[in-house]
2 protein chains.
Amino acid sequence: MKRDSRLSGVLHVLLHMAERAGPTTSDQLAKAMQTHPVVIRRILGGLRDAGFVHSEKGHGGGWTIARDLADITMADVYAAIGRPSLMAMGNRTEAPGCLVEQAVNAALDTSFHEAEALLIARFEQVTLAQLAADFHARMAARSSTPAQEHDHG
Amino acid sequence: MKRDSRLSGVLHVLLHMAERAGPTTSDQLAKAMQTHPVVIRRILGGLRDAGFVHSEKGHGGGWTIARDLADITMADVYAAIGRPSLMAMGNRTEAPGCLVEQAVNAALDTSFHEAEALLIARFEQVTLAQLAADFHARMAARSSTPAQEHDHG
DNA sequence: TTTCATGTAACTTCATATAGTGCGTGAAAT
DNA sequence: ATTTCACGCACTATATGAAGTTACATGAAA
């Protein structure tokens, strides 16, 4: 089953933005992410509507983070991209008339809802500031090659 | 993101088989599941290889459950279909050179692995016998229309 | 008024889950 | 023996959705 990488992508973009001083353009972020500028704009659209980032048009424009990194959790980002399903599995049919399927669905739903609740709870505990700190720790650990912080090779 | 319904499907098929006395053909199961016989054979292929069901060719052939329902857990069934990914989300890139992405991946992986472990643990606690019992309880509750146990409308 | 940058819609790939077809194999009934 | 039944499997077809791309409009600064 193919897995959604939007959450991973948004977090990645946000951390790259956080490493820069002024506004960052979609083009620059696309280069860093090895993708297309329009994809960046799509990814950040939800974040902008949720107030986590700000976008400016024209000369000197681009994207900036609108809040303190310590005030944005992974759960916030997850919500901003529309709370896509976390579970790769679903029921064959929802609201089935078949009682066998109802029994199966009930058993699966119970477990899946527990797992989703656990995930959301974990997401709420991790802020972008923590992720940035982890990144900087990795930077320090890779002391021999300190210029590769943006290496995507 | 589209969700895999194989686990739901296999459990459904197994419980339908359990309700019948002798062998059940792929055709009969396909009718009950409103799908194609080949789909049934594919679904049950992994279960056969794992020894949970038995298949017989020719006249009077079909599928039978090879073990006691109390000895088959949802985790067994999950394993038999190849342990497909349970999480709908993955990392943009695995083993990235980018330290930002490494930090993001690490944070996500931690949460996802926890959630997966929780799910597997729950699956291990539910046997097919329990699911069958739940089904029969639903049958009893729907006492006014007792002939609909195979209704898929 | 030219250049830069976002906002969006429409379109194209591309991956892949699911469904379906055709033919081969083996077992039982006649 | 031969017919019928049922699974096994390789292959094709279809549908869905994410990601990538193009095109153009909007708005701001040089």
Side-chain angles (χ1 to χ4, degrees), chain A residues 1-10 12-13 17 20 22-50 53-66 81-82 84-93 152, chain B residues 1-10 12-13 17 20 22-50 52-66 81-82 84-93:
Chain A
M1 165 82 41
K2 189 167 193 173
R3 290 150 97 189
D4 188 339
S5 63
R6 276 177 293 173
L7 181 57
S8 170
V10 186
H12 193 171
V13 172
M17 285 172 60
R20 293 169 154 272
T24 316
T25 67
S26 306
D27 254 306
Q28 293 169 321
L29 289 170
K31 287 276 196 325
M33 302 277 294
Q34 296 186 140
T35 182
H36 202 278
V38 173
V39 175
I40 299 292
R41 293 189 195 119
R42 264 205 292 262
I43 283 181
L44 290 180
L47 277 285
R48 179 193 57 229
D49 298 342
V53 301
H54 175 71
S55 63
E56 196 76 37
K57 289 182 179 177
H59 272 277
W63 300 88
T64 45
I65 296 187
I81 63 175
S85 169
L86 292 166
M87 298 294 123
M89 296 191 173
N91 296 324
R92 241 173 44 93
T93 54
H152 288 75
Chain B
M1 168 81 35
K2 194 165 193 173
R3 290 150 97 189
D4 188 338
S5 62
R6 276 177 294 172
L7 182 57
S8 170
V10 185
H12 192 171
V13 172
M17 285 171 60
R20 294 168 153 272
T24 316
T25 67
S26 306
D27 255 306
Q28 294 170 321
L29 289 171
K31 287 275 196 323
M33 302 277 294
Q34 294 187 141
T35 182
H36 201 278
V38 173
V39 175
I40 299 293
R41 295 191 192 116
R42 264 204 290 264
I43 282 180
L44 290 179
L47 276 286
R48 178 193 56 229
D49 298 341
F52 294 113
V53 300
H54 175 72
S55 63
E56 197 76 37
K57 290 182 178 177
H59 273 276
W63 300 89
T64 45
I65 296 187
I81 63 175
S85 169
L86 293 166
M87 299 294 123
M89 297 192 172
N91 296 324
R92 242 173 44 94
T93 56

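In what follows, chains carry the letters A, B, and so on, assigned in the order in which the sequence lines appear, proteins first and then strands, with residues in each chain numbered from 1.
Counting to the nearest Å, the C1' atom of dA19(C) and the CD atom of Gln34(B) are 14 Å from each other. Remark: P of dA18(D) and CE of Met89(B) are 11 Å apart, rounded to the nearest angstrom. Regarding His54(B), its NE2 atom lies at a distance of 11 Å from the C1' atom of dA27(C), rounded to whole Å. We find that CE of Met33(B) is positioned 16 Å from C1' of dG20(C), with the value rounded to whole Å. Rounded to a whole Å, the CZ atom of Arg6(A) is 15 Å from the C1' atom of dG20(D). What separates NE2 of His36(A) from C1' of dT13(C) is a distance of 13 Å, to the nearest Å. The distance from atom CG of Leu7(A) to atom P of dA19(D) is 12 Å, rounded to the nearest whole Å. What separates CD1 of Ile43(A) from P of dT21(D) is a distance of 13 Å, to the nearest Å.
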Can you give one letter per nucleotide of nucleotides 23-30 of chain D, going 5' to 3': B for a protein heavy atom under 4.0 Å from the base, S for sugar-phosphate only, - for none? ---BBBB-
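Regarding contacts with the backbone of dA19(D), a side-chain N or O of Ser5(A) is found under 4.0 angstrom from either OP1 or OP2. The side chain of Arg92(B) contributes no N or O atom lying less than 4.0 Å from OP1 or OP2 of dA18(D). For the OP1/OP2 pair of dG20(D) and a distance below 4.0 Å, the side-chain nitrogens and oxygens of Thr35(A) include at least one atom meeting the criterion. The side chain of Ser26(B) places no N or O atom within less than 4.0 Å of a non-bridging phosphate oxygen (OP1 or OP2) of dA6(D). Within the structure, a side-chain polar atom (N or O) of Ser55(A) is placed less than 4.0 Å from OP1 or OP2 of dG7(C).
The two residues Ser85(B) and Ala88(A) come nearest to each other via the heavy atoms O-CB, 3.2 Å. The shortest non-hydrogen separation linking Ser26(B) to Ile40(B) is O-CG1, 3.9 Å. The two atoms that bring Trp63(B) and Leu44(B) nearest to each other are CD2-CD1, 3.5 Å, heavy atoms only.
Using a 4.5 Å heavy-atom cutoff, the side chains of Leu47(A) and Ile81(A) are in contact. Pro37(B) is not listed as a side-chain neighbour of Lys31(B), based on a closest heavy-atom distance of 4.5 Å or more. Contact of the Ser8(B) side chain with the Met89(A) side chain is not registered, since no non-hydrogen atoms from C-beta on lie closer than 4.5 Å.
In terms of polar N and O atoms assigned as donor or acceptor, the side chain of Arg42(A) never comes within less than 3.5 Å of the base of dG7(C) in a complementary pairing.
Comparing Trp63(A) and Asp4(B) against DNA chain C, the residue whose closest nucleotide sits nearer the 5' end is Trp63(A).
Within 4.0 Å of Arg3(B), counting heavy atoms only, lie sugar-phosphate atoms of the nucleic acid but no base atom.
Expressed to the nearest 0.5 Å, how far CZ of Arg92(B) lies from CZ of Arg3(A) amounts to 15.0 Å.
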